**Q** 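The structure is given below, and queries will be raised subsequently.
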Amino acid sequence: MDRSDGFFKKVYETARLIPYGRVTSYGAIARFLGAPGSARMVGWAMNASHNLNDVPAHRVVNRKGLLTGKHHFEGTDLMQQLLENEGIQVIDHQVIDFDKVFWDPNKEL
DNA sequence: ATTCTGACGTGGG
DNA sequence: CCCCACGCCAGAA
């Protein structure tokens, strides 16, 4: 059916756990799921999550804090707008104070 | 079936 | 910090 059980579902749940005003990286989620080398699959799952509204994909960035996925959002600045709306400062598609707003599931959970 | 790509990450230089 | 090469697995052509 629509909900693939396993990896995808875990990605969605983890993404939902991201607190307000925080961001995480694909690799962090992938490692939390037990797939440290399959960070790409997290991004792929996010692409599938495009239909879901409970998955704040805009809070997920790459390890550099760069909004690599902004290209897949509507318009051209939507992802940045959402992050700034949460109090996250974003300049040139890059998250400022990334180490401060970074939320690591392995560390926080 | 094969081949390529892709919202990434890590390691070496 | 940058650049290059490899690995990872799912999906599309």
Side-chain angles (χ1 to χ4, degrees):
Chain A
M1 280 301 293
D2 47 299
R3 290 207 206 213
S4 306
D5 49 281
F7 194 77
F8 283 57
K9 188 174 181 182
K10 286 169 103 182
V11 174
Y12 303 143
E13 291 189 26
T14 306
R16 281 189 208 126
L17 295 174
I18 303 174
Y20 183 92
R22 293 291 179 102
V23 292
T24 189
S25 60
Y26 305 95
I29 297 175
R31 186 175 311 193
F32 180 67
L33 301 180
S38 303
R40 291 184 161 189
M41 301 301 85
V42 178
W44 210 256
M46 287 273 137
N47 201 11
S49 77
H50 203 282
N51 289 311
L52 304 174
N53 50 342
D54 291 334
V55 181
H58 63 271
R59 291 185 187 155
V60 185
V61 296
N62 70 349
R63 75 170 181 93
K64 294 180 294 189
L66 192 64
L67 282 56
T68 50
K70 100 168 230 111
H71 255 226
H72 295 264
F73 277 79
E74 299 176 3
T76 54
D77 298 345
L78 178 61
M79 189 171 182
Q80 181 170 338
Q81 298 294 310
L82 292 170
L83 290 172
E84 290 184 325
N85 188 25
E86 299 189 359
I88 300 174
Q89 192 174 19
V90 179
I91 298 177
D92 190 32
H93 309 154
Q94 184 180 301
V95 177
I96 308 303
D97 296 321
F98 180 57
D99 56 336
K100 295 181 181 179
V101 296
F102 182 55
W103 179 80
D104 189 341
N106 306 281
K107 186 176 181 181
E108 302 294 334
L109 301 183

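Please read these numbers as outputs of a predicted model, since none were measured by experiment. Labels below follow one simple rule: chain letters A, B, ... track the order of the sequence lines, proteins then strands, and each chain is numbered from 1.
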**Q** I need the CZ-P distance between A/F7 and C/dC8, as an integer number of Å.
**A**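 Value for this atom pair: 14 Å.
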**Q** To the nearest 0.5 angstrom, please state how far the CZ atom of A/R63 sits from the OH atom of A/Y26.
**A**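 If I round to the nearest 0.5 Å, the distance is 14.0 Å.
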**Q** What are the two closest heavy atoms between A/M79 and A/V61, and how far apart are they?
**A**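 Answer, listing the atom of A/M79 first, then A/V61: CE-CG1, 4.1 Å.
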**Q** Would you mind reading off the distance between A/K10 atom NZ and C/dA10 atom P, rounded to a whole angstrom?
**A**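 The distance from NZ of A/K10 to P of C/dA10 comes to 14 Å, rounded to the nearest Å.
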**Q** Could you state the atom-to-atom distance from CG of A/N62 to P of B/dG6 in whole Å?
**A**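 Nearest whole value for this atom pair: 16 Å.
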**Q** Side chain of A/F73 only, please: which of B/dG9, B/dA7, C/dG11 is the nearest?
**A**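 Comparing B/dG9, B/dA7, C/dG11 against the side chain of A/F73, the answer is B/dA7.
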**Q** By nearest atom, which of the nucleotides B/dT10, C/dC9, B/dA7 is closest to the A/A57 side chain?
**A**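 Closest nucleotide among those given: B/dA7.
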**Q** Quickly work out the A/L33 CG to C/dA10 P distance and round it to whole Å.
**A** 13 Å
**Q** With DNA chain C as reference, determine whether A/K64 or A/W44 sits nearer its 5' end, using the nearest nucleotide of each.
**A**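 Between the two, 5'-proximity favours A/K64.
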**Q** Using whole Å, what does the distance between atom C1' of nucleotide B/dG6 and atom NE2 of A/H72 come to?
**A**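 Distance, rounded to whole Å: 8 Å.
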**Q** What is the separation between atom CG on A/N47 and atom C1' on B/dG6, rounded to the nearest whole Å?
**A** 9 Å
**Q** Looking only at non-hydrogen atoms, find the nearest pair between A/A28 and A/P105 and report the distance.
**A**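 Scanning both residues, the minimum pair turns out to be O-CG, 3.9 Å.
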**Q** Which nucleotide sits closest to the side chain of A/Y26: B/dA7, B/dT10, C/dC9?
**A** B/dA7
**Q** Counting side-chain heavy atoms from CB outward, which of B/dA7, C/dA10, B/dT10 is closest to A/R31?
**A**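 So the side chain of A/R31 is nearest to B/dT10.
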**Q** In whole angstroms, how far is the P atom of B/dA7 from the CD atom of A/E74?
**A**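 Computing the A/E74:CD to B/dA7:P distance gives 17 Å.
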**Q** Please pick, from C/dG11, B/dG9, C/dC9, the nucleotide with the shortest atom-to-atom distance to any side-chain atom of A/S38.
**A**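 It is C/dC9.
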**Q** Please state how far atom CE in A/M41 lies from atom C1' in C/dG7, giving the value in whole angstrom units.
**A**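 Computing the A/M41:CE to C/dG7:C1' distance gives 11 Å.
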**Q** Given B/dG9, C/dA10, B/dA7, which nucleotide is nearest the side-chain atoms of A/M46?
**A** B/dA7
**Q** Distance from A/D77 atom CG to A/H93 atom NE2, nearest 0.5 Å?
**A**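 It comes to 6.0 Å.
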**Q** Run the salt bridge (Lys or Arg N to Asp or Glu O under 4.0 Å) test against A/D104 and tell me which residues pass, sequence neighbours left out.
**A**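 A/D104: no salt bridge (Lys or Arg N to Asp or Glu O under 4.0 Å) contacts found.
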